[in-house]
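Counting starts at 1 for both ligands and their atoms, following the listed order.
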Amino acid sequence: MTMQTKIVSIEQGLDEAAELIKNGDIVVFPTETVYGLGANAFDGNAVRKIFEAKGRPMDNPLIAHIADISWIDKLAVDVSDSAKAVIKAFMPGPITVILKRSKAVPDEVTAGLDTVGIRFPKHNVARQFIKACGVPLAAPSANTSTKISPTSAQHVFEDMKGRIPLILQGGECEVGIESTIVDMTVDVPTILRPGAITADMLVKVLDKVKNFDGNIIVAKAPGMKYKHYAPSCEMVVASSEDKAIFEYGRQVGLQHNPVIIAKNDYVPDQILLNSIRLNVIRLGATDEEAMRNIYAAMHEAQDKYDYIICQDFGDEGLGASIMNRINKASGGKRI
Ligand code: TXA
Ligand code: MG
């Protein structure tokens, strides 16, 4: 089934978008992390349309997006003091808390789990839109299953046109990777997916946090077992600049059209020895900028080139959060 997909500003499209949600339909909206594909979180049939549009397996739960802290009471029960501390410190913002679900939340949202993920986005358009809907919006990232998460309305349009009626325009996402997910239903709060809110930031309001760990994530966040965020061409992580340049030359020798994705201070644009000009997509100077730009860089790279060589951002702080996405995109391939 195909339909007309339009991109509209919040000024022009707010009423129509909210009306679609009230009628049990789906709408794409911007957040500060990535664009989301939303439906009324209390309407199981509406939520099913998200899975259909994305081609997403039904056993992968969705996050419920709210427009006010007080809405958490509609979605969750037994909220601990430590969960309240996290909520107070980091919401609205790029974080999702896992809490015990209330009976009002349908199984389509939680994939039958007895917990629910809740997020209060900071993006102005998201807040206005969810508020106008008057209900929490269940929303995954607005990409078809296994594709790269969208950080602009154009990314969404290219991937999902014909499958969704309306995209609310909200510019480029400031944070650029999905929210940190922290499970607040276990004895030691546990990061299931790293993001812009890091363990170091969380321990400021908690006694202990269990940091991101592959094994735990597989068990607690079912979505992690699927291949995610993959560009359409091959991608590898270079363990050093020398290796990146060597691999680049090897790929050129194989008649490929490679590109390096890296921060500003990584590899020169020009290799002076044989004056090859490198294709490099620059992510900016800092890890924060790299996080903001990484998905857009992958979109650009898969459109213009056929082999991606990516810098290694290390295993600490924001670098580790960025690497989590890059490792999924590259399928763990390193050179
Ligand atoms: O930044 C974000 O979180 C974006 C924007 C749109 O808000 N959303 C997003 O949704 O990334 P999605 O569906 O692409 O990823 C949600 C992840 C999945 O891996 C899912 O398994 C996990 O959250 N998740 C959702 N509810 C959960 C729960 N109750 N327990 C454990 N993991 C959960
Ligand atoms: Mg996603």
Side-chain angles (χ1 to χ4, degrees), residues 26-39 41 47 50-51 53-66 75-76 90-102 105-123 125-127 129-130 136-151 155-156 159-160 167-168 170 173-186 189-197 212 216-230 291 295 321 324-325 328-329:
I26 53 180
V27 169
V28 172
F29 62 99
T31 82
E32 69 277 21
T33 57
V34 301
Y35 276 67
L37 172 58
V47 173
I50 296 174
F51 288 90
K54 273 182 72 92
R56 178 179 174 115
M58 288 291 296
D59 67 348
N60 192 2
L62 305 178
I63 295 167
H65 295 68
I66 58 175
L75 296 163
F90 299 108
M91 284 190 184
I95 191 166
T96 295
V97 292
I98 304 294
L99 300 172
K100 212 168 147 205
R101 76 189 273 194
S102 94
V105 185
D107 281 341
E108 283 86 353
V109 174
T110 65
L113 298 177
D114 58 7
T115 55
V116 59
I118 300 177
R119 168 153 143 68
F120 180 3
K122 195 170 198 157
H123 196 294
V125 173
R127 291 172 70 164
F129 172 51
I130 300 166
L137 298 184
S141 50
N143 51 284
T144 52
S145 204
T146 80
K147 295 283 170 53
I148 305 169
S149 295
T151 57
H155 290 160
V156 179
D159 184 18
M160 301 209 71
I167 301 167
L168 280 175
C173 302
E174 269 209 344
V175 173
I177 66 172
E178 299 88 342
S179 61
T180 301
I181 301 180
V182 56
D183 188 350
M184 298 303 304
T185 67
V186 285
T190 299
I191 295 178
L192 302 180
R193 179 174 72 183
I197 308 295
F212 175 77
I216 289 172
I217 287 158
V218 170
K220 299 294 283 189
M224 302 301 151
K225 70 175 181 264
Y226 301 105
K227 192 180 175 200
H228 261 141
Y229 324 116
M291 181 168 73
Y295 280 142
S321 299
N324 171 260
R325 307 313 195 274
K328 283 172 196 284

Heavy-atom proximity to [atom], best of [options]:
atom	options	value
atom 25 (C) of ligand 1	Pro61, Pro94, Gly117, Ala139	Pro61
atom 9 (C) of ligand 1	Ser141, Ala142, Ala64, Ala138	Ser141
atom 30 (N) of ligand 1	Leu99, Ile98, Ile177, Asp183	Ile98

Considering only NZ, NE, NH1 and NH2 on the basic side and carboxylate oxygens on the acidic side, decide whether Lys122 and Glu174 come within less than 4.0 Å.
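Salt bridge: no.
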
Are Ser321 and Arg193 close enough that a side-chain donor and a side-chain acceptor fall under 3.5 Å?
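No, Arg193 and Ser321 have no side-chain donor paired with an acceptor closer than 3.5 Å.
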
Only heavy atoms of [X], strictly under 4.0 Å: list the atoms of ligand 1 that pass.
X	answer
Thr33	1 (O), 2 (C), 4 (C), 5 (C)
Leu113	28 (C), 29 (N), 30 (N)
Ile181	17 (C), 22 (C), 23 (O)
Ser179	1 (O), 2 (C), 3 (O)
Thr115	28 (C), 29 (N), 30 (N)

Looking only at N/O atoms, are [X] and ligand 1 under 3.5 Å apart anywhere?
X	answer
His65	yes
Thr31	no
Glu178	no

Proximity flag Arg56 to ligand 1, non-hydrogen atoms under 4.0 Å
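For ligand 1, residue contact (heavy atoms, under 4.0 Å) with Arg56 is present.
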
Side chain, backbone, both or neither: which applies to Thr110 and ligand 1 if a contact is any heavy-atom pair less than 4.0 Å apart?
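Answer for Thr110: neither.
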
Where's the contact between Arg101 and ligand 1, heavy-atom distance under 4.0 Å: side chain, backbone, both or neither?
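It is neither; nothing of Arg101 touches ligand 1.
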
Quick check: does Asn143 have an N/O/S atom under 2.8 Å of the Mg ion (ligand 2)?
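So Asn143 does not count as coordinating the Mg ion (ligand 2).
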
Do the rings of His65 and Phe29 sit parallel, tilted or perpendicular, given the 30° and 60° boundaries?
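Correct class here is perpendicular.
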
